[in-house]
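Position 1 is the first residue of the sequence, and the numbers go up from there.
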Amino acid sequence: MHSQGTLGKLLIGDKFANLAIDMNPITNPYAPGAGAPPPALAGRDDLRERVHVAIERARRGRHAKSVILVGLRGVGKTVLLDRMRLDCEAEGNQTIRVEAPEGRSLPAILAPRLRSVLLSLSRVAAAKDLADRGLRALVGFARSLKVTFNDIEVGLDREPEPGLADNGDLETDLGVLLEQAGLAARQAGVAIALFIDELQYVEESQLAALISALHHCSQRQLPIVMVGAGLPQLRGRAGNAKSYAERLFDYPDVGPLTREEDLRQALIEPALEEGVEYTDGAFRAVLAHTGGYPYFLQEWGSSAWKVATTSPITEQDVEEATEQAISELDQSFFMVRFDRLTPAEKSYLRAMAELGAGPHRSGEIAAKAGRTSASLAPIRNNLIQKGMIWSPSHGDTAFTVPLFDAFLKRVMPEFEPG
(Lines give C-alpha, C1' and ligand atoms only; values in the text may rest on other atoms or scores of the structure.)
Protein backbone atom coordinates (compact mmCIF):
# COMPACT_ATOMS: atom_id res chain seq x y z
CA MET A 1 0.00 0.00 0.00
CA HIS A 2 1.40 3.41 -0.96
CA SER A 3 1.23 6.42 1.31
CA GLN A 4 -0.88 9.48 0.57
CA GLY A 5 2.38 11.36 0.06
CA THR A 6 3.39 9.05 -2.76
CA LEU A 7 -0.03 9.37 -4.37
CA GLY A 8 0.10 13.14 -4.12
CA LYS A 9 3.37 13.20 -6.01
CA LEU A 10 1.64 11.39 -8.88
CA LEU A 11 -0.50 14.38 -9.64
CA ILE A 12 2.26 16.92 -10.37
CA GLY A 13 2.01 16.22 -14.06
CA ASP A 14 4.46 18.82 -15.41
CA LYS A 15 7.34 17.56 -13.28
CA PHE A 16 7.31 13.96 -14.49
CA ALA A 17 10.26 12.69 -16.43
CA ASN A 18 9.57 9.96 -18.97
CA LEU A 19 10.94 6.73 -17.56
CA ALA A 20 12.12 3.90 -19.76
CA ILE A 21 9.90 1.29 -18.15
CA ASP A 22 8.97 -1.79 -20.10
CA MET A 23 5.16 -1.71 -20.40
CA ASN A 24 5.11 -5.49 -20.58
CA PRO A 25 1.68 -7.00 -21.32
CA ILE A 26 2.56 -9.83 -18.93
CA THR A 27 2.82 -7.36 -16.03
CA ASN A 28 -0.33 -5.43 -16.96
CA PRO A 29 -1.94 -5.24 -13.50
CA TYR A 30 -5.55 -4.68 -14.54
CA ALA A 31 -8.21 -7.39 -14.67
CA PRO A 32 -11.10 -6.50 -17.00
CA GLY A 33 -13.27 -9.60 -16.96
CA ALA A 34 -16.60 -10.80 -15.65
CA GLY A 35 -16.09 -11.56 -11.97
CA ALA A 36 -12.30 -11.22 -12.26
CA PRO A 37 -10.89 -9.88 -8.98
CA PRO A 38 -9.23 -6.49 -9.48
CA PRO A 39 -5.75 -5.90 -8.05
CA ALA A 40 -7.27 -3.57 -5.44
CA LEU A 41 -10.83 -3.94 -4.12
CA ALA A 42 -11.32 -0.26 -3.42
CA GLY A 43 -14.13 1.44 -1.56
CA ARG A 44 -15.88 -1.68 -0.28
CA ASP A 45 -14.44 -2.13 3.22
CA ASP A 46 -17.60 -0.87 4.95
CA LEU A 47 -19.73 -3.43 3.11
CA ARG A 48 -17.31 -6.24 3.90
CA GLU A 49 -17.40 -5.30 7.58
CA ARG A 50 -21.19 -5.11 7.53
CA VAL A 51 -21.44 -8.67 6.24
CA HIS A 52 -18.73 -9.90 8.63
CA VAL A 53 -20.69 -8.52 11.60
CA ALA A 54 -23.94 -10.15 10.40
CA ILE A 55 -22.31 -13.57 9.99
CA GLU A 56 -20.49 -13.36 13.31
CA ARG A 57 -23.66 -12.34 15.14
CA ALA A 58 -25.50 -15.28 13.59
CA ARG A 59 -22.70 -17.64 14.59
CA ARG A 60 -23.10 -16.49 18.18
CA GLY A 61 -26.86 -17.03 18.12
CA ARG A 62 -27.69 -13.32 18.00
CA HIS A 63 -30.20 -11.65 15.68
CA ALA A 64 -28.68 -10.83 12.31
CA LYS A 65 -30.21 -9.65 9.07
CA SER A 66 -29.23 -11.32 5.84
CA VAL A 67 -27.81 -8.98 3.21
CA ILE A 68 -28.71 -8.42 -0.45
CA LEU A 69 -26.23 -6.31 -2.41
CA VAL A 70 -28.00 -4.39 -5.17
CA GLY A 71 -26.49 -2.43 -8.03
CA LEU A 72 -26.12 -2.04 -11.76
CA ARG A 73 -23.88 -4.16 -13.96
CA GLY A 74 -20.19 -3.28 -13.76
CA VAL A 75 -20.06 -2.18 -10.12
CA GLY A 76 -18.26 -5.31 -8.95
CA LYS A 77 -21.01 -7.16 -7.05
CA THR A 78 -19.70 -10.59 -8.03
CA VAL A 79 -16.12 -9.73 -7.07
CA LEU A 80 -17.33 -8.33 -3.75
CA LEU A 81 -19.47 -11.39 -3.08
CA ASP A 82 -16.49 -13.68 -3.66
CA ARG A 83 -14.25 -11.60 -1.39
CA MET A 84 -16.89 -11.73 1.34
CA ARG A 85 -17.03 -15.50 0.94
CA LEU A 86 -13.27 -15.74 1.44
CA ASP A 87 -13.56 -13.48 4.48
CA CYS A 88 -16.21 -15.80 5.89
CA GLU A 89 -14.21 -18.96 5.26
CA ALA A 90 -11.13 -17.38 6.85
CA GLU A 91 -13.13 -17.23 10.09
CA GLY A 92 -13.71 -20.99 9.89
CA ASN A 93 -17.33 -20.83 8.74
CA GLN A 94 -19.06 -22.95 6.11
CA THR A 95 -20.11 -21.32 2.84
CA ILE A 96 -22.32 -22.14 -0.11
CA ARG A 97 -21.52 -20.15 -3.28
CA VAL A 98 -23.94 -20.37 -6.22
CA GLU A 99 -25.06 -18.30 -9.15
CA ALA A 100 -28.72 -18.32 -10.06
CA PRO A 101 -28.72 -18.71 -13.85
CA GLU A 102 -31.84 -18.37 -15.90
CA GLY A 103 -33.55 -21.69 -16.52
CA ARG A 104 -32.32 -23.63 -13.45
CA SER A 105 -34.24 -24.14 -10.25
CA LEU A 106 -33.09 -22.95 -6.84
CA PRO A 107 -33.29 -26.47 -5.32
CA ALA A 108 -31.06 -27.79 -8.10
CA ILE A 109 -28.26 -25.28 -7.46
CA LEU A 110 -28.50 -25.42 -3.66
CA ALA A 111 -28.77 -29.15 -3.02
CA PRO A 112 -25.27 -30.31 -4.11
CA ARG A 113 -23.55 -27.47 -2.21
CA LEU A 114 -25.63 -28.10 0.89
CA ARG A 115 -24.63 -31.75 0.73
CA SER A 116 -20.95 -30.73 0.74
CA VAL A 117 -21.48 -28.52 3.78
CA LEU A 118 -23.31 -31.25 5.69
CA LEU A 119 -20.61 -33.80 4.85
CA SER A 120 -18.00 -31.37 6.16
CA LEU A 121 -19.97 -30.83 9.37
CA SER A 122 -20.40 -34.60 9.80
CA ARG A 123 -16.64 -34.82 10.27
CA VAL A 124 -16.91 -32.63 13.38
CA ALA A 125 -17.46 -35.00 16.29
CA ALA A 126 -19.86 -32.72 18.18
CA ALA A 127 -22.02 -32.15 15.09
CA LYS A 128 -21.85 -35.60 13.46
CA ASP A 129 -25.28 -36.89 14.45
CA LEU A 130 -27.07 -33.66 13.53
CA ALA A 131 -25.21 -33.40 10.23
CA ASP A 132 -26.11 -37.01 9.38
CA ARG A 133 -29.75 -36.18 10.08
CA GLY A 134 -29.37 -33.18 7.79
CA LEU A 135 -28.08 -35.47 5.04
CA ARG A 136 -31.11 -37.73 5.50
CA ALA A 137 -33.31 -34.66 5.26
CA LEU A 138 -31.55 -33.74 2.01
CA VAL A 139 -32.34 -37.18 0.56
CA GLY A 140 -36.03 -36.77 1.39
CA PHE A 141 -35.97 -33.21 0.05
CA ALA A 142 -34.43 -34.19 -3.30
CA ARG A 143 -36.64 -37.22 -3.84
CA SER A 144 -39.89 -35.52 -2.93
CA LEU A 145 -39.20 -32.48 -5.14
CA LYS A 146 -37.73 -34.38 -8.09
CA VAL A 147 -41.10 -34.47 -9.84
CA THR A 148 -41.51 -30.68 -9.57
CA PHE A 149 -37.86 -29.78 -10.16
CA ASN A 150 -36.48 -32.46 -12.44
CA ASP A 151 -33.09 -30.75 -12.67
CA ILE A 152 -32.15 -31.73 -9.10
CA GLU A 153 -29.04 -33.92 -9.20
CA VAL A 154 -27.39 -34.75 -5.88
CA GLY A 155 -25.53 -37.75 -4.47
CA LEU A 156 -27.94 -39.71 -2.29
CA ASP A 157 -25.76 -41.86 -0.02
CA ARG A 158 -28.10 -41.97 2.98
CA GLU A 159 -31.53 -43.41 3.57
CA PRO A 160 -34.24 -40.75 4.05
CA GLU A 161 -35.99 -40.26 7.36
CA PRO A 162 -39.75 -40.49 6.76
CA GLY A 163 -41.49 -37.18 7.41
CA LEU A 164 -38.27 -35.14 7.36
CA ALA A 165 -38.26 -32.48 4.58
CA ASP A 166 -40.17 -34.81 2.26
CA ASN A 167 -43.63 -33.23 1.97
CA GLY A 168 -43.03 -32.18 -1.62
CA ASP A 169 -43.74 -28.52 -0.79
CA LEU A 170 -40.65 -26.39 -1.45
CA GLU A 171 -41.38 -23.72 1.13
CA THR A 172 -41.98 -26.20 3.95
CA ASP A 173 -39.23 -28.65 3.03
CA LEU A 174 -36.54 -26.02 2.45
CA GLY A 175 -37.28 -24.55 5.86
CA VAL A 176 -36.86 -27.96 7.51
CA LEU A 177 -33.69 -28.70 5.51
CA LEU A 178 -32.00 -25.42 6.42
CA GLU A 179 -33.10 -25.87 10.02
CA GLN A 180 -31.30 -29.23 10.19
CA ALA A 181 -28.19 -27.72 8.63
CA GLY A 182 -28.37 -24.81 11.07
CA LEU A 183 -28.65 -27.14 14.07
CA ALA A 184 -25.53 -29.00 12.95
CA ALA A 185 -23.66 -25.76 12.34
CA ARG A 186 -24.58 -24.44 15.78
CA GLN A 187 -23.32 -27.64 17.39
CA ALA A 188 -20.06 -27.26 15.45
CA GLY A 189 -19.70 -23.63 16.53
CA VAL A 190 -19.77 -22.20 13.00
CA ALA A 191 -22.13 -20.31 10.73
CA ILE A 192 -23.39 -21.31 7.29
CA ALA A 193 -23.44 -18.43 4.81
CA LEU A 194 -25.25 -18.74 1.48
CA PHE A 195 -23.65 -16.51 -1.15
CA ILE A 196 -26.06 -16.30 -4.10
CA ASP A 197 -25.24 -14.19 -7.15
CA GLU A 198 -27.72 -13.00 -9.80
CA LEU A 199 -30.52 -13.47 -7.30
CA GLN A 200 -32.99 -11.62 -9.53
CA TYR A 201 -33.16 -14.70 -11.77
CA VAL A 202 -34.68 -16.89 -9.03
CA GLU A 203 -38.34 -17.50 -9.89
CA GLU A 204 -40.65 -15.66 -7.48
CA SER A 205 -42.23 -18.69 -5.80
CA GLN A 206 -38.79 -20.18 -5.22
CA LEU A 207 -37.52 -16.85 -3.89
CA ALA A 208 -40.49 -16.81 -1.52
CA ALA A 209 -39.56 -20.30 -0.29
CA LEU A 210 -35.97 -19.21 0.33
CA ILE A 211 -37.05 -16.10 2.22
CA SER A 212 -39.46 -18.19 4.30
CA ALA A 213 -36.74 -20.72 5.14
CA LEU A 214 -34.31 -17.97 6.18
CA HIS A 215 -37.04 -16.38 8.29
CA HIS A 216 -37.66 -19.70 10.01
CA CYS A 217 -33.94 -20.07 10.79
CA SER A 218 -33.77 -16.50 12.06
CA GLN A 219 -36.71 -17.11 14.40
CA ARG A 220 -34.90 -20.11 15.83
CA GLN A 221 -31.66 -18.09 16.09
CA LEU A 222 -29.81 -20.60 13.95
CA PRO A 223 -26.47 -19.57 12.41
CA ILE A 224 -27.59 -19.34 8.79
CA VAL A 225 -27.23 -16.12 6.80
CA MET A 226 -27.69 -15.31 3.13
CA VAL A 227 -25.58 -12.78 1.27
CA GLY A 228 -27.22 -12.23 -2.10
CA ALA A 229 -26.35 -9.99 -5.00
CA GLY A 230 -28.34 -8.76 -7.95
CA LEU A 231 -29.89 -5.92 -9.88
CA PRO A 232 -31.82 -3.08 -8.20
CA GLN A 233 -35.22 -4.64 -8.91
CA LEU A 234 -34.41 -7.25 -6.27
CA ARG A 235 -35.82 -5.05 -3.51
CA GLY A 236 -39.24 -5.07 -5.14
CA ARG A 237 -39.09 -8.74 -6.12
CA ALA A 238 -38.21 -9.83 -2.58
CA GLY A 239 -41.03 -7.70 -1.17
CA ASN A 240 -43.49 -9.16 -3.66
CA ALA A 241 -42.39 -12.67 -2.76
CA LYS A 242 -42.76 -12.15 1.01
CA SER A 243 -44.05 -8.99 2.62
CA TYR A 244 -41.71 -9.34 5.60
CA ALA A 245 -38.58 -9.45 3.39
CA GLU A 246 -38.01 -5.75 4.10
CA ARG A 247 -37.48 -6.60 7.79
CA LEU A 248 -35.45 -9.74 7.12
CA PHE A 249 -32.81 -8.21 4.81
CA ASP A 250 -30.54 -5.22 4.53
CA TYR A 251 -30.24 -3.91 0.95
CA PRO A 252 -26.99 -1.93 0.65
CA ASP A 253 -26.41 -0.20 -2.68
CA VAL A 254 -23.22 -1.04 -4.54
CA GLY A 255 -22.51 1.86 -6.87
CA PRO A 256 -19.63 3.39 -8.80
CA LEU A 257 -16.64 4.62 -6.84
CA THR A 258 -16.98 8.29 -5.95
CA ARG A 259 -14.29 9.08 -3.37
CA GLU A 260 -11.03 10.15 -4.95
CA GLU A 261 -8.95 8.03 -2.58
CA ASP A 262 -10.90 4.93 -3.67
CA LEU A 263 -10.56 5.81 -7.34
CA ARG A 264 -6.81 6.26 -6.95
CA GLN A 265 -6.54 2.98 -5.11
CA ALA A 266 -8.41 1.18 -7.89
CA LEU A 267 -6.63 2.77 -10.86
CA ILE A 268 -3.27 4.20 -9.79
CA GLU A 269 -1.96 1.89 -7.09
CA PRO A 270 -1.89 -1.27 -9.26
CA ALA A 271 0.28 0.56 -11.79
CA LEU A 272 2.53 1.91 -9.03
CA GLU A 273 3.21 -1.65 -7.91
CA GLU A 274 4.78 -2.15 -11.35
CA GLY A 275 6.69 1.15 -11.23
CA VAL A 276 4.30 3.02 -13.56
CA GLU A 277 2.67 6.35 -12.74
CA TYR A 278 -0.22 8.44 -14.09
CA THR A 279 -0.34 12.14 -14.76
CA ASP A 280 -3.21 14.03 -13.19
CA GLY A 281 -4.67 14.60 -16.67
CA ALA A 282 -4.60 10.85 -17.41
CA PHE A 283 -6.28 10.06 -14.10
CA ARG A 284 -9.05 12.61 -14.72
CA ALA A 285 -9.54 11.40 -18.30
CA VAL A 286 -10.10 7.81 -17.16
CA LEU A 287 -12.65 8.98 -14.60
CA ALA A 288 -14.48 11.01 -17.24
CA HIS A 289 -14.77 7.99 -19.55
CA THR A 290 -15.68 5.42 -16.89
CA GLY A 291 -17.88 7.28 -14.42
CA GLY A 292 -16.05 5.45 -11.63
CA TYR A 293 -17.57 2.05 -12.47
CA PRO A 294 -15.01 -0.55 -11.33
CA TYR A 295 -15.33 -2.78 -14.39
CA PHE A 296 -14.75 0.15 -16.73
CA LEU A 297 -11.82 1.40 -14.66
CA GLN A 298 -10.14 -1.97 -15.22
CA GLU A 299 -10.87 -1.86 -18.95
CA TRP A 300 -9.50 1.65 -19.45
CA GLY A 301 -6.52 0.96 -17.22
CA SER A 302 -5.68 -2.18 -19.15
CA SER A 303 -6.01 -0.44 -22.52
CA ALA A 304 -3.97 2.58 -21.40
CA TRP A 305 -1.22 0.23 -20.25
CA LYS A 306 -1.16 -1.40 -23.69
CA VAL A 307 -0.97 1.97 -25.47
CA ALA A 308 1.60 3.70 -23.28
CA THR A 309 5.29 3.18 -24.02
CA THR A 310 6.77 4.98 -21.00
CA SER A 311 5.86 6.09 -17.50
CA PRO A 312 3.91 8.18 -16.67
CA ILE A 313 0.74 7.22 -18.52
CA THR A 314 -0.51 10.48 -20.01
CA GLU A 315 -3.86 11.92 -20.97
CA GLN A 316 -2.93 11.36 -24.61
CA ASP A 317 -2.29 7.68 -23.85
CA VAL A 318 -5.75 7.42 -22.28
CA GLU A 319 -7.45 9.09 -25.25
CA GLU A 320 -5.63 6.80 -27.67
CA ALA A 321 -6.62 3.82 -25.54
CA THR A 322 -10.29 4.79 -25.45
CA GLU A 323 -11.10 3.32 -28.87
CA GLN A 324 -9.54 0.02 -27.81
CA ALA A 325 -11.32 0.05 -24.44
CA ILE A 326 -14.69 0.69 -26.08
CA SER A 327 -14.07 -2.08 -28.61
CA GLU A 328 -13.25 -4.52 -25.82
CA LEU A 329 -16.39 -3.51 -23.90
CA ASP A 330 -18.53 -3.82 -27.00
CA GLN A 331 -17.37 -7.38 -27.64
CA SER A 332 -17.18 -8.72 -24.09
CA PHE A 333 -19.47 -6.67 -21.85
CA PHE A 334 -22.22 -5.26 -24.06
CA MET A 335 -22.58 -7.68 -26.98
CA VAL A 336 -23.16 -10.77 -24.83
CA ARG A 337 -26.24 -9.05 -23.43
CA PHE A 338 -27.35 -7.57 -26.76
CA ASP A 339 -27.23 -10.98 -28.48
CA ARG A 340 -29.83 -12.39 -26.07
CA LEU A 341 -32.46 -9.90 -27.18
CA THR A 342 -35.23 -10.27 -29.73
CA PRO A 343 -35.52 -7.70 -32.55
CA ALA A 344 -38.49 -6.09 -30.77
CA GLU A 345 -36.52 -5.82 -27.53
CA LYS A 346 -33.57 -4.28 -29.35
CA SER A 347 -35.88 -1.72 -30.93
CA TYR A 348 -37.34 -0.80 -27.54
CA LEU A 349 -33.88 -0.29 -26.05
CA ARG A 350 -32.76 1.70 -29.10
CA ALA A 351 -35.69 4.06 -28.55
CA MET A 352 -34.56 4.43 -24.92
CA ALA A 353 -31.02 5.15 -26.08
CA GLU A 354 -32.27 7.90 -28.37
CA LEU A 355 -33.54 9.68 -25.26
CA GLY A 356 -30.19 9.34 -23.46
CA ALA A 357 -28.88 7.43 -20.44
CA GLY A 358 -32.15 7.77 -18.49
CA PRO A 359 -34.18 7.03 -16.54
CA HIS A 360 -37.11 7.81 -18.83
CA ARG A 361 -40.86 7.75 -18.47
CA SER A 362 -42.48 4.78 -20.18
CA GLY A 363 -44.71 7.13 -22.15
CA GLU A 364 -41.68 9.02 -23.49
CA ILE A 365 -40.11 5.78 -24.69
CA ALA A 366 -43.35 4.73 -26.36
CA ALA A 367 -43.65 8.10 -28.08
CA LYS A 368 -40.08 7.90 -29.33
CA ALA A 369 -40.75 4.36 -30.61
CA GLY A 370 -43.96 5.47 -32.34
CA ARG A 371 -46.04 3.03 -30.27
CA THR A 372 -48.40 3.09 -27.30
CA SER A 373 -47.26 2.25 -23.78
CA ALA A 374 -49.81 -0.57 -23.61
CA SER A 375 -48.51 -2.23 -26.77
CA LEU A 376 -44.93 -2.06 -25.48
CA ALA A 377 -45.72 -3.32 -21.96
CA PRO A 378 -45.00 -7.02 -22.74
CA ILE A 379 -41.65 -6.11 -24.29
CA ARG A 380 -40.77 -3.93 -21.31
CA ASN A 381 -41.67 -6.75 -18.92
CA ASN A 382 -39.50 -9.21 -20.85
CA LEU A 383 -36.56 -6.83 -20.69
CA ILE A 384 -37.00 -6.48 -16.95
CA GLN A 385 -37.09 -10.28 -16.62
CA LYS A 386 -33.88 -10.51 -18.65
CA GLY A 387 -32.21 -7.99 -16.38
CA MET A 388 -31.67 -5.37 -19.09
CA ILE A 389 -33.81 -2.59 -17.59
CA TRP A 390 -35.42 -1.77 -14.26
CA SER A 391 -37.90 0.69 -12.83
CA PRO A 392 -36.35 3.12 -10.32
CA SER A 393 -39.86 4.44 -9.59
CA HIS A 394 -43.36 3.86 -10.91
CA GLY A 395 -43.51 4.57 -14.62
CA ASP A 396 -39.75 5.12 -14.98
CA THR A 397 -37.40 2.88 -16.94
CA ALA A 398 -33.60 2.79 -16.78
CA PHE A 399 -30.81 0.63 -18.17
CA THR A 400 -29.20 -1.86 -15.78
CA VAL A 401 -26.00 -1.68 -17.83
CA PRO A 402 -24.10 1.63 -17.60
CA LEU A 403 -23.15 3.23 -20.95
CA PHE A 404 -25.49 0.87 -22.78
CA ASP A 405 -27.20 3.76 -24.53
CA ALA A 406 -23.95 4.73 -26.25
CA PHE A 407 -23.31 1.10 -27.23
CA LEU A 408 -26.75 0.82 -28.82
CA LYS A 409 -26.08 3.92 -30.91
CA ARG A 410 -22.84 2.34 -32.11
CA VAL A 411 -24.32 -1.06 -32.94
CA MET A 412 -27.63 0.35 -34.28
CA PRO A 413 -26.60 3.74 -35.70
CA GLU A 414 -29.86 4.27 -37.56
CA PHE A 415 -32.87 4.78 -35.35
CA GLU A 416 -36.14 3.69 -36.96
CA PRO A 417 -39.32 4.21 -34.88
CA GLY A 418 -42.16 1.74 -35.06
Exercise for the section: Please indicate whether Glu323 has more than 12 foreign heavy atoms, meaning atoms of other residues, nucleotides or ligands, lying under 6.0 Å from its CD. Expected result: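 No, the 6.0 Å shell around CD holds no more than 12 heavy atoms from other groups.
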What is the minimum heavy-atom distance between [X] and [Y], and which atoms define it?
X: Tyr30; Y: Pro270; answer: CE2-CB, 4.2 Å
X: Leu47; Y: Pro252; answer: CD2-CB, 3.5 Å
X: Ala131; Y: Ala184; answer: N-CB, 3.7 Å
X: Ser391; Y: Gly395; answer: OG-N, 4.2 Å
X: Ala64; Y: Ala54; answer: CB-O, 3.2 Å
X: Gly275; Y: Ser311; answer: O-OG, 4.0 Å

Backbone N/O of [Y] and side chain of [X]: donor-acceptor pair under 3.5 Å:
X: Ser375; Y: Arg371; result: no
X: Arg186; Y: Pro223; result: no
X: Ser144; Y: Gly140; result: yes
X: Glu203; Y: Ser205; result: yes
X: Asn93; Y: Ile192; result: no
X: Asp262; Y: Leu257; result: no
X: Thr322; Y: Val318; result: yes
X: Thr290; Y: Tyr293; result: no
X: Asn382; Y: Ile379; result: no

Show me the pairs that pass ring-ring contact (aromatic ring centres under 6.0 Å, His included) and involve [range], at least two apart or across chains.
range: residues 200-241; value: His215-Tyr244
range: residues 336-361; value: Phe338-Phe407
range: residues 308-333; value: Tyr295-Phe333, Phe296-Phe333

What residues form a side-chain contact (heavy atoms from CB on, under 4.5 Å) with [X], not counting sequence neighbours?
X: Gln221; answer: none
X: Ala241; answer: Glu204, Leu207, Ala208, Ile211
X: Ser218; answer: His63, Leu248
X: Glu320; answer: Val307, Gln316

Any side-chain heavy atom of [X] within less than 4.5 Å of one from [Y]?
X: Leu174; Y: Phe141; answer: yes
X: Trp305; Y: Glu274; answer: yes
X: Phe249; Y: Lys65; answer: no
X: Val401; Y: Arg337; answer: yes
X: Leu41; Y: Val79; answer: yes

Tell me the side chain to side chain donor-acceptor pair (under 3.5 Å) pairs involving [range], sequence neighbours left out?
range: residues 31-52; value: Arg48-Asp87
range: residues 108-119; value: Arg115-Asp157
range: residues 398-411; value: Asp330-Arg410

If you round to the nearest 0.5 Å, how far is [atom2] of [Y] from [atom1] of [X]?
X: Ile268; Y: Glu277; atom1: CD1; atom2: CD; answer: 9.5 Å
X: Ser303; Y: Gln298; atom1: OG; atom2: CD; answer: 11.0 Å
X: Glu89; Y: Arg97; atom1: CD; atom2: CZ; answer: 11.0 Å
X: Leu199; Y: Leu210; atom1: CG; atom2: CG; answer: 7.0 Å
X: Glu364; Y: Asp396; atom1: CD; atom2: CG; answer: 8.5 Å
X: Leu178; Y: Leu222; atom1: CG; atom2: CG; answer: 9.5 Å

Problem - Distance-only polar pair, side chains of Ser120 and Gln94, donor-acceptor under 3.5 Å - result: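 The answer is yes; a qualifying pair exists.
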Practice task
Verify whether one side chain among Asp169 and Thr172 offers a donor that lies under 3.5 Å from an acceptor in the other.
Solution key: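 Looking only at side-chain atoms, Thr172 and Asp169 do form a donor-acceptor pair, the distance falling under 3.5 Å.
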Exercise for the section: Determine, stepwise, if the pair Lys386 / Glu345 fulfils salt bridge (charged side-chain N to carboxylate O under 4.0 Å, His left out). Expected result: CA-CA 10 Å; Lys386 289 184 177 182; Glu345 291 165 351; 2.8 Å; yes
Problem - Non-neighbouring partners of Glu246 that pass side chain to side chain donor-acceptor pair (under 3.5 Å), sequence neighbours left out - result: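 With sequence neighbours excluded, Glu246 shows a side chain to side chain donor-acceptor pair (under 3.5 Å) to no residue whatsoever.
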Problem - With sequence neighbours excluded, residues passing side chain to side chain donor-acceptor pair (under 3.5 Å) with Asp166 - result: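 Checked Asp166 against side chain to side chain donor-acceptor pair (under 3.5 Å); zero matches.
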In terms of side-chain geometry, is the basic nitrogen of [X] or [Y] positioned less than 4.0 Å from the acidic oxygen of its partner?
X: Glu153; Y: Lys146; result: yes
X: Arg73; Y: Glu198; result: yes
X: Arg235; Y: Asp253; result: yes
X: Glu261; Y: Arg264; result: no

Practice task
Evaluate the side chain to side chain contact (heavy atoms under 4.5 Å, CB included) criterion for residues Leu121 and Val190: first the C-alpha distance (whole Å), next the side-chain angles of each, then the deciding distance (0.1 Å), finally the verdict.
Solution key: CA-CA 9 Å; Leu121 290 173; Val190 301; 3.9 Å; yes
Practice task
Go through the steps for Arg350 and Glu354 under the test salt bridge (charged side-chain N to carboxylate O under 4.0 Å, His left out), then give the verdict.
Solution key: CA-CA 6 Å; Arg350 183 60 182 84; Glu354 195 69 11; 2.7 Å; yes
Handout entry: side chain to side chain contact (heavy atoms under 4.5 Å, CB included) assessment of Leu231 paired with Leu72
Key = CA-CA 6 Å; Leu231 296 172; Leu72 302 179; 5.6 Å; no
Practice task
Any chance you could lay out the side chain to side chain contact (heavy atoms under 4.5 Å, CB included) test for Val70 and Gln233, step after step, and finish with the verdict?
Solution key: CA-CA 8 Å; Val70 294; Gln233 57 260 44; over 6 Å; no
Practice task
May I have the step-by-step check of side chain to side chain contact (heavy atoms under 4.5 Å, CB included) for Asp250 and Ile68, ending in yes or no?
Solution key: CA-CA 6 Å; Asp250 281 333; Ile68 296 179; over 6 Å; no
